[in-house]
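In what follows, residues are counted from 1 in the order of the sequence shown. Since we're looking at a predicted model, the values are computed, not measured.
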Amino acid sequence: MTAPPSGAAAALPRKVHAGYALGSLATGAFGTVPGLLLLPYLTDTLGVAAGVAALLVLLPKAWDVLVNPVAGRISDRTRSRWGARRPYLLIGGLALAVLFGSIFAAPFGAGPAAGAYVAVAFLATATAFAFFQVPYVAMPAELTSDYAERTRMMTWRIAVLALAILVSGAVAPLVRDAAGGGVPGHRWMGVFVAALIALGAVGAFLGTRSAPQQVVAESEPSLRVQLAVAGRNRPFRVLLLCFVVQSAGVATILAGVQYFADQILRDSKTGPTLLFACFVGPALVVMPLWSRVGARLGKLAGLVIASLILAGGGLALVAAPLLPAAVIYLLVASIGVGYAGQQVFALAMLPDCIAYDTTRTGRRQAGVFTGLWTAGETFGLALGPGIYGLVLALTGYVSSTTGTSAPQSDTARLGVLLGFTLLPALLIALATLLLRPYDLTQARLTTPPTPTPALSPVDHALSVGTKGANQHEEETKTP
């Protein structure tokens with residue numbers, strides 16, 4: 001694993017903040033577009049039944065629950081002239097871009113074979129994403145040991161993430177429609193998003209080249225031991241569980257955008273774009289406000305407040321069939337405000353959990369923690385479309401091969417509405433109750449416990465361009 005260089009607590013240059021944040025173009029695009037367009041692509045273009053489509057969207061990303069911790073373990077043990085993490089930003093990011101474009105290539109037209117192809121392509125893309133996302137999320141805990149500096153880094157990152165969501169989520173449907181919709185339109189949309197992912201990956205790789213160089217240090221001798229260490233970190237456990245549930249809620253909203261625009265707003269052309277603009281636009285404006293809330297009230301309080309704002313907007317949208325379009329868009333904007341804060345505080349609290357583990361064990365294992373984190377996040381983002389697809393199947397949604405939605409019953413339209421509003425609001429609000437055991441504060445981080453040392457076996461590091469092994473003592477007990 002890597003240890004922070006001396007002086008890591010000093011403020012990082014803005015070019016490092018901006019360079020690191022560019023990686024969110026890749027994570028935002030991959031996190032948004034499949035959740036937004038893949039389920040409608042399967043049901044309304046390839047003619048896949050809603051229940052089957054839900055499984056095809058869920059299972060490939062669920063695979064990341066297994067592969068993400070492995071990606072973290074590998075990057076923890078990597079040595080190169082570019083550091084432990086940066087090689088994966090470039091290699092994993094470019095692979096992610098190419099494979100994402102392949103998801104919408106549709107070489108088999110419509111039908112079961114087309115659905116199976118999408119599942120395989122999506123599985124490969126999710127694997128590439130793991131090897132980009134896990135090292136990327138691990139970097140802040142290693143670039144600085146300053147509690148407030150991590151929040152500043154996350155503010156930059158979430159600002160770019162919001163921009164990526166806006167561009168990918170709002171523009172991708174426009175690209176699809178401008179290219180004629182259907183299979184051809186989705187192919188061009190895939191190329192557009194792949195280019196956005198590549199830009200983010202290359203930008204993050206180049207933008208962090210002046211970041212403090214880290215030195216490879218000792219890590220636990222096996223993935224099993226590392227996972228056990230993570231399991232004993234109570235703040236990390238409760239934060240991860242809350243974030244996974246909330247990610248599922250957010251992903252359920254994303255999955256329902258196209259359906260909500262079609263069936264509730266009755267505006268399949270401009271509706272998705274306007275919904276995304278209202279969702280993400282305010283987030284770009286309120287980011288500094290959330291940073292001040294965190295400084296005054298603390299990250300935990302900020303996360304709870306933001307989550308409740310997010311959930312409250314969703315609950316209010318249950319009345320959407322009775323509301324004018326302007327009010328609906330304002331409520332979606334309030335959801336975006338809450339979403340921005342929810343992301344900022346959760347991602348700023350993650351490095352704190354990693355730093356706390358370092359004080360407990362004497363080792364820095366950011367790759368394992370972020371591997372578990374991104375596995376959970378990715379599973380949540382996959383679970384959302386799966387939940388929404390299941391709601392559609394249970395309420396009788398009718399699939400189509402025309403590229404546009406088929407006429408739906410009142411029951412199906414009710415499923416579209418509740419899956420977009422009430423269900424995710426409940427998931428997000430109830431998940432805040434899981435945070436009650438979280439007790440990690442700045443004061444606690446600055447007065448760490450004294451770790452108890454014990455002997456451990458030899459740890460062999462995987463090298464990129466170099467060879468080496470470290471013999472060290474493992475600290476398995478904590479006070």
Side-chain angles (χ1 to χ4, degrees), residues 32-63 103-104 106 108-123 126 169 172-173 176 181-183 185-186 189 247-268 271-272 275 314 317-318 320-321 379-424 426-427:
T32 300
V33 175
L36 174 68
L37 297 179
L38 190 55
L39 188 63
Y41 172 63
L42 288 166
T43 59
D44 295 343
T45 297
L46 300 185
V48 179
V52 175
L55 289 176
L56 294 181
V57 172
L58 171 63
L59 293 179
K61 276 197 171 183
W63 157 252
I103 293 174
F104 297 94
F108 300 105
Y117 168 82
V118 169
V120 172
F122 196 27
L123 176 67
R176 176 200 62 194
V183 170
H186 281 90
M189 181 275 298
S247 293
V250 170
T252 306
I253 296 173
L254 290 177
V257 166
Q258 184 71 54
Y259 298 100
F260 185 81
D262 289 344
Q263 303 298 328
I264 307 301
L265 291 177
R266 301 291 190 180
D267 184 3
S268 60
L275 287 171
L317 273 178
V318 173
F379 180 72
L381 292 175
L383 190 60
I387 292 172
Y388 199 87
L390 179 61
V391 171
L392 294 182
L394 292 175
T395 54
Y397 187 86
V398 179
S399 297
S400 169
T401 59
T402 64
T404 59
S405 61
Q408 304 295 332
S409 67
D410 289 341
T411 303
R413 294 183 66 244
L414 179 62
V416 167
L417 175 65
L418 296 181
F420 184 74
T421 58
L422 178 62
L423 183 56
L426 291 176
L427 287 172

Shortest non-hydrogen contact from L427 toward A248: CD1-C, 4.4 Å
Can you name the side chain to side chain donor-acceptor pair (under 3.5 Å) partners of Q408, sequence neighbours left out? none
Which atoms form the tightest heavy-atom contact between A251 and P385, and what is the distance? CB-CD, 3.9 Å
Could you tell me the separation between the CE atom of M189 and the CG atom of L37, rounded to the nearest 0.5 Å? 5.0 Å
Any side-chain heavy-atom pair from V257 and F420 closer than 4.5 angstrom? yes
Nearest heavy-atom contact between A50 and S399 is N-OG, 3.7 Å
Spacing of D44 atom CG and D262 atom CG [to the nearest 0.5 Å]: 7.0 Å
Please report the shortest heavy-atom distance between G389 and A54, naming the atom on each side. CA-CB, 3.9 Å
Do P407 and V398 have side chains that get closer than 4.5 Å, going by heavy atoms? no
Check T421 against G314 and note the closest heavy-atom contact, atom names and distance. CB-O, 3.3 Å
With sequence neighbours left out, the residues meeting side chain to side chain donor-acceptor pair (under 3.5 Å) with T43 are Y259
To the nearest 0.5 Å, atom CD1 of I387 lies from atom CG of L392 at 12.0 Å
Rounded distance (nearest 0.5 Å) linking atom CG of L275 with atom CG of L254: 11.0 Å
The side chain to side chain contact (heavy atoms under 4.5 Å, CB included) partners of A121 (sequence neighbours excluded) come to S102, I103, Y117
Check: V118 and L56 side chains under 4.5 Å, non-hydrogen atoms: no
Distance-only check: which donor-acceptor pairs under 3.5 Å involve side-chain atoms of residues 410-418, not counting sequence neighbours?
unit_1	atom_1	unit_2	atom_2	d
R413	NE	Q263	O	3.1
R413	NH2	Q263	O	2.6

T252 side chain to Y388 backbone, donor-acceptor under 3.5 Å: no
Over all atoms of both residues, closest heavy-atom pair of V391 and T395: O-OG1, 2.8 Å
For L390, check side chain to side chain contact (heavy atoms under 4.5 Å, CB included) against everything at least two apart and list the hits. L394
Sequence-distant partners of A106, side chain to side chain contact (heavy atoms under 4.5 Å, CB included), two or more places apart: Y41, V183, R187
Measure the OG1-CG distance between T45 and L38 for me, rounded to the nearest 0.5 Å. 10.5 Å
Distance col, row L46:CG vs F108:CZ, nearest 0.5 angstrom, shows 12.0 Å
